[in-house]
**Student:** 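Have a look at this one before I ask anything.
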Amino acid sequence: MIAGIEGQLVQLGEETALVKVGAVTYEVMLPGYCIAALSGQIGATVSLCTMEYYEGSLGGGNLIPRLVGFLSPLEREFFDEFTSVKGLGIRKGLRALSLPIADVAGAVESGDEKMLMTLSGIGRKMAQSIVAELKGKLQGFAFGAQSARGTPQTKLKPFQTEALEILIAWGEKRNEAMELIEQASQRHPEVQTAEELVPVVYRVKQGAEG
C-alpha cells in the first residue's frame with residue numbers, strides 16, 4: 001500500500017493532481033478542499049498522505065487501482081470514517097468534501113443537516129444518515145484540523161469538550177459555544193471542570209461577565 005507520496009506538483013485539475021516522483025508521475029484523486037489548498041503550488045514540492053483502492057466490479061474483471069491523497073494523516077483517517085456511511089463511497093465522498101474536514105465534522109457533531117446539504121451530492125436523506133451514523137465519533141476531527149478560515153481550530157481540554165457537548169445538547173450552536181467557552185476560560189482560568197464552566201459560559205452569554 002502506498003501510504004504517502006512526495007514530489008513535484010506538475011498539474012492540478014478539478015478532481016485530481018499529477019505528482020512527479022523521480023521518473024514516475026502519479027495521478028492522485030483529491031477532495032475539493034485539497035484542490036483549493038494546493039492551488040498556486042504548481043511546480044512546488046508537495047507531500048500527501050495517501051490511500052489506495054480499486055474501482056470497478058470484481059466480477060467484471062476490470063478493477064482499476066486508484067490513489068487518493070490528503071494533506072495529513074488526520075484527514076485520511078476522517079475520510080475512512082466519513083465514507084463508512086452507507087451509500088457514501090469513495091468518489092461521492094471526495095466530491096462532497098469541498099469544505100475542510102473541521103467544518104464538516106463540526107456540522108456532523110452539531111447535527112447541522114442544512115450545512116451538510118450544501119455539500120456536493122448530499123441530499124436531505126444522506127445528510128440525516130451521516131449525522132445518525134457519525135455523530136459522536138468526529139469530535140477529534142472537528143477540533144484537530146483546519147477550518148475554512150485556514151486557521152487551526154481551538155484545541156479543547158477534556159473538561160472543555162465535555163462542557164461543549166452539554167451546551168450543544170442544550171441547543172447551543174457549536175461555533176458559538178466554542179467561542180463562549182474560550183471567553184469564559186480566559187476570564188476564569190481557575191475553572192477546571194465542566195460543571196463549573198457551563199454556568200460561567202451562560203453568564204458570559206448573558207453579559208453578566210464584564
Side-chain angles (χ1 to χ4, degrees), residues 2-20 26-53 55 66-85 87-124 126-131 133-135 137-156 173-175 178-179:
I2 301 176
I5 184 172
E6 183 173 343
Q8 184 184 33
L9 180 64
V10 295
Q11 184 176 316
L12 193 62
E14 292 184 0
E15 296 183 345
T16 61
L18 296 182
V19 180
K20 186 176 182 181
Y26 294 89
E27 181 182 58
V28 185
M29 299 169 61
L30 298 171
Y33 70 87
C34 285
I35 297 288
L38 294 174
S39 178
Q41 297 191 44
I42 301 297
T45 297
V46 297
S47 181
L48 300 171
C49 296
T50 58
M51 59 175 283
E52 294 178 282
Y53 85 103
E55 190 174 75
R66 301 289 190 190
L67 196 61
V68 182
F70 308 92
L71 302 178
S72 71
L74 185 75
E75 296 179 3
R76 182 175 58 194
E77 186 181 347
F78 169 84
F79 190 73
D80 282 338
E81 288 280 3
F82 189 62
T83 53
S84 69
V85 176
L88 190 60
I90 300 292
R91 287 273 186 178
K92 190 170 184 177
L94 287 171
R95 293 192 182 107
L97 293 179
S98 55
L99 296 176
I101 67 166
D103 297 328
V104 178
V108 174
E109 288 300 322
S110 62
D112 191 348
E113 295 175 5
K114 290 184 178 179
M115 186 276 198
L116 293 174
M117 288 170 61
T118 66
L119 303 177
S120 178
I122 304 299
R124 182 176 300 278
M126 178 56 70
Q128 291 172 342
S129 296
I130 292 172
V131 171
E133 295 186 35
L134 297 182
K135 188 174 182 180
K137 300 179 180 179
L138 304 182
Q139 286 185 353
F141 302 107
F143 305 138
Q146 290 191 335
S147 71
R149 295 182 294 275
T151 56
Q153 292 279 13
T154 302
K155 181 66 175 178
L156 298 184
K173 293 182 180 179
R174 175 183 165 274
N175 289 340
M178 285 188 66
E179 291 178 4

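Heads up: numbering here begins at 1 and tracks the sequence.
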**Student:** Considering non-hydrogen atoms only, spot the tightest contact between Gly93 and Thr83 and give its length.
**Tutor:** CA-CG2, 4.3 Å
**Student:** Can you name the side chain to side chain donor-acceptor pair (under 3.5 Å) partners of Arg76, sequence neighbours left out?
**Tutor:** none
**Student:** Mind running side chain to side chain contact (heavy atoms under 4.5 Å, CB included) on Leu138 and Glu81 for me, showing each step along the way?
**Tutor:** CA-CA 8 Å; Leu138 304 182; Glu81 288 280 3; 4.1 Å; yes
**Student:** Which value, rounded to the nearest 0.5 Å, describes the distance between Glu15 atom CD and Glu27 atom CD?
**Tutor:** 10.0 Å
**Student:** Any side-chain heavy-atom pair from Tyr33 and Leu99 closer than 4.5 angstrom?
**Tutor:** no
**Student:** What's the shortest heavy-atom distance between Phe82 and Leu88, and which atoms?
**Tutor:** O-CD2, 3.3 Å
**Student:** Looking at every heavy atom in both Gly43 and Gln8, which two are closest together, and how far apart are they?
**Tutor:** O-NE2, 3.4 Å
**Student:** In Å, rounded to the nearest 0.5 Å, how long is the span from CG of Leu9 to OG of Ser47?
**Tutor:** 12.0 Å
**Student:** Answer yes when Lys135 and Glu109 have at least one side-chain N-carboxylate O distance shorter than 4.0 Å, and no when they do not.
**Tutor:** no
**Student:** Could you tell me which non-hydrogen atom of Ser72 sits nearest to which non-hydrogen atom of Cys49, and how far apart they are?
**Tutor:** C-SG, 3.5 Å
**Student:** What do the steps show when you test Leu97 against Phe78 for side chain to side chain contact (heavy atoms under 4.5 Å, CB included), and what is the final call?
**Tutor:** CA-CA 11 Å; Leu97 293 179; Phe78 169 84; 3.9 Å; yes
**Student:** Quick one: pull up CG in Leu38 and CG in Leu48 and give me the separation to the nearest 0.5 Å.
**Tutor:** 6.0 Å
**Student:** Which pair of non-hydrogen atoms, one from Ile5 and one from Tyr26, has the smallest distance, and what is that distance?
**Tutor:** CD1-CD1, 3.4 Å
**Student:** With a 3.5 Å cut-off and sequence neighbours excluded, list the donor-acceptor pairs that the side chains of residues 112-119 form with protein atoms.
**Tutor:**
from   : atom 1 : to     : atom 2 : distance (Å)
Asp112 : OD1    : Lys114 : N      : 3.4
Asp112 : OD1    : Met115 : N      : 3.1
Thr118 : OG1    : Met115 : O      : 2.5

**Student:** With rounding to the nearest 0.5 Å, note down the distance linking CD in Glu55 to CD1 in Ile90.
**Tutor:** 9.5 Å
**Student:** Would you mind reporting whether Val108 and Phe141 have side-chain heavy atoms less than 4.5 Å apart?
**Tutor:** no
**Student:** So, do Glu52 and Val68 sit near enough that their side-chain heavy atoms are less than 4.5 Å apart?
**Tutor:** no
**Student:** Might you work through the side chain to side chain contact (heavy atoms under 4.5 Å, CB included) test for Met29 and Leu67, ending with a clear yes or no?
**Tutor:** CA-CA 6 Å; Met29 299 169 61; Leu67 196 61; over 6 Å; no
**Student:** Quick check: do Val46 and Gln41 have side-chain heavy atoms less than 4.5 Å from each other?
**Tutor:** yes
**Student:** Taking the side chain as C-beta and beyond, is there a heavy-atom pair between Leu30 and Val28 under 4.5 Å?
**Tutor:** yes
**Student:** Where do Thr50 and Phe70 land on the side chain to side chain contact (heavy atoms under 4.5 Å, CB included) test, with the steps shown first?
**Tutor:** CA-CA 6 Å; Thr50 58; Phe70 308 92; over 6 Å; no
**Student:** Looking only at heavy atoms, what is the nearest atom pair of Lys92 and Gly87, with distance?
**Tutor:** CD-O, 3.8 Å
**Student:** Do Thr16 and Gln11 come within less than 4.5 Å of each other through their side chains, counting heavy atoms only?
**Tutor:** no
**Student:** Answer whether the closest heavy-atom distance between the side chains of Cys34 and Glu75 falls below 4.5 Å.
**Tutor:** yes
